[in-house]
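Here the structure comes first, spelled out in structure tokens, and everything after it is commentary.
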Amino acid sequence: MARRPDPRPRHQQIAAELRAEIMSGALKPGEQLPSTPQMVARFEAANATIQRALQSLKDEGFVRGHAGKGVFVREGRQFVVEATTYKSPGPRGYSYELLDVGEVQPPNDVAAAFAMPPGGSVIMRHRLLLHDGEPVELSWSYYPVDIAAGSPLASRKKIRGGAPQVLADLGFPERYFDDRISVRQPTVNEVEGLDLPADVPVFRQFRVVYSDFQRPVEISILIKGGHLYELSYHQVADQ
């Protein structure tokens, strides 16, 4: 029994039910959704409410309308993002836009993870990750000044081979990383930077990358839209 009724507007409730059916495979890619009259009867909702629910799913990329034919589940809707420290650019794969680089005072959780004294600074690289030209992720990566100062990490240029290669060249190879993942509503900058539809939350990865002797050498905050993307993790089971 529900602890309390779902407080969302009715069109959001209906969109959520249809979204769940699409994600579970009950509604398959290319399949036509029931007609508006059928959904009016099923959900006991007004025609306008059904149309608002469908518009939400269209904005999120779950369905596509075809004039005179109906509404269909989009082919290849789900986009899976591999949880790795670096993604190699490719002609139809990932690409980066470098938005900002500088020496800054880090956010409190970054400073704590680096065990920095108050008032300390780090090198920050702020980037936008795209896949086939579509925005996938906003990221802020932070590096200790004593490691990154004067290196390509502090340069306002893209890095050939990525940050892992630079850190390895500096004598701090990446050995493993830990992620903490949370979900929240996006900021204005995140909505605009990721071109997010209305009412879509983001998931936030707080990633600490460690080198030898468990030294943190990179901390990244990664923001992705929660409507089309999944994170994929692979871990070998203990023997």
Side-chain angles (χ1 to χ4, degrees), residues 81-87 94-131 135-159 162-168 170-196 198-233:
V81 180
E82 295 291 335
T84 59
T85 56
Y86 179 70
K87 299 173 179 63
Y94 293 103
S95 62
Y96 292 95
E97 290 183 8
L98 187 60
L99 303 179
D100 193 18
V101 179
E103 185 171 337
V104 301
Q105 286 195 340
N108 290 341
D109 50 359
V110 172
F114 274 135
M116 293 175 53
S121 61
V122 293
I123 301 298
M124 178 204 71
R125 298 182 68 83
H126 178 29
R127 301 182 300 176
L128 173 66
L129 174 66
L130 303 105
H131 186 271
V136 174
E137 173 187 274
L138 284 168
S139 68
W140 292 259
S141 294
Y142 303 91
Y143 306 90
V145 170
D146 62 320
I147 291 177
S151 78
L153 294 171
S155 170
R156 292 181 175 272
K157 297 179 180 179
K158 294 184 179 180
I159 300 173
Q165 184 60 56
V166 175
L167 288 168
L170 293 170
F172 299 93
E174 296 183 346
R175 299 304 186 190
Y176 66 96
F177 66 85
D178 289 333
D179 273 2
R180 297 203 314 264
I181 301 176
S182 56
V183 178
R184 59 165 171 76
Q185 290 299 314
T187 66
V188 172
N189 288 339
E190 291 163 0
V191 168
E192 295 176 350
L194 294 173
D195 194 22
L196 296 176
D199 302 320
V200 168
V202 294
F203 55 91
R204 177 186 188 265
Q205 291 170 261
F206 185 84
R207 172 171 295 171
V208 183
V209 181
Y210 295 89
S211 186
D212 295 324
F213 309 108
Q214 297 184 328
R215 176 175 180 177
V217 293
E218 174 184 305
I219 296 174
S220 291
I221 296 173
L222 315 169
I223 304 293
K224 296 180 179 69
H227 60 314
L228 291 180
Y229 308 114
E230 292 182 348
L231 274 180
S232 174
Y233 283 85

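By the 4.5 Å heavy-atom criterion applied to side chains, Asp100 and Arg156 are counted as neighbours. Looking at Pro107 and Tyr142, their side chains come closer than 4.5 Å, going by heavy atoms from C-beta outward. At a threshold of 4.5 Å between non-hydrogen side-chain atoms, the residues Val104 and Val122 count as touching. Contact annotation: the side chain of Val110 approaches that of Phe206 to within less than 4.5 Å [non-hydrogen atoms, C-beta and beyond]. Using a 4.5 Å heavy-atom threshold, the side chains of Leu99 and Leu138 count as touching.
In this structure Arg215 satisfies the side-chain hydrogen bond (donor to acceptor under 3.5 Å, both in side chains) test together with Asp146, sequence neighbours excluded. Here Phe203 pairs with nothing under the ring pair (Phe, Tyr, Trp, His ring centres under 6.0 Å) rule; sequence neighbours left out. For Asp199, there are no salt bridge (charged side-chain N to carboxylate O under 4.0 Å, His left out) partners two or more places apart in sequence or in a different chain. Asp212 pairs by the salt bridge (charged side-chain N to carboxylate O under 4.0 Å, His left out) definition with Arg175, not counting sequence neighbours.
Taken from CD in Gln205 to CG in Leu222, the straight-line distance is 4.5 Å, to the nearest 0.5 Å. Note that CG of Asp178 is 11.0 Å distant from CD1 of Ile219, once rounded to the nearest 0.5 Å. A distance of 10.0 Å separates CD of Glu218 from CZ of Phe177, quoted to the nearest 0.5 Å. How far CZ of Arg207 is from CD1 of Ile221: 12.5 Å, rounded to the nearest 0.5 Å.
For the residue pair Pro106 and Gly120, the shortest heavy atom distance occurs at CD-O, 3.5 Å. Looking at every heavy atom in both residues, Met116 comes nearest to Ser121 through CE-N, 3.5 Å. In plain terms, the two heavy atoms of Tyr143 and Ala148 that are nearest each other are CB-CB, 3.7 Å. The shortest heavy-atom contact between Ala154 and Val101 is O-CG1, 3.7 Å. Residues Gly226 and Val200 share a closest heavy-atom pair of N-CG1, 3.9 Å. What you find for Tyr96 and Lys158 is that their closest heavy atoms are O-NZ, 2.7 Å.
Ser211 contributes a side-chain N or O that, together with a main-chain N or O of Pro173, makes up a donor-acceptor pair within less than 3.5 Å. Side-chain atoms of His126 come within 3.5 Å of backbone atoms of Ser139 as a donor-acceptor pair (strictly under, hydrogens ignored).
The salt bridge (Lys or Arg N to Asp or Glu O under 4.0 Å) contacts involving residues 103-126 comprise Asp109-Arg204, where partners must be two or more places apart or lie in separate chains.
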Side-chain donor-acceptor pairs under 3.5 Å in residues 188-195, sequence neighbours left out?
{"unit_1": "Glu190", "atom_1": "OE1", "unit_2": "Arg184", "atom_2": "NH1", "d": "2.9"}
{"unit_1": "Glu190", "atom_1": "OE1", "unit_2": "Thr187", "atom_2": "N", "d": "3.0"}
{"unit_1": "Glu190", "atom_1": "OE2", "unit_2": "Arg184", "atom_2": "NH2", "d": "2.9"}

Given Leu153 and Leu167, is the side chain to side chain contact (heavy atoms under 4.5 Å, CB included) satisfied, shown in steps? CA-CA 9 Å; Leu153 294 171; Leu167 288 168; 3.9 Å; yes
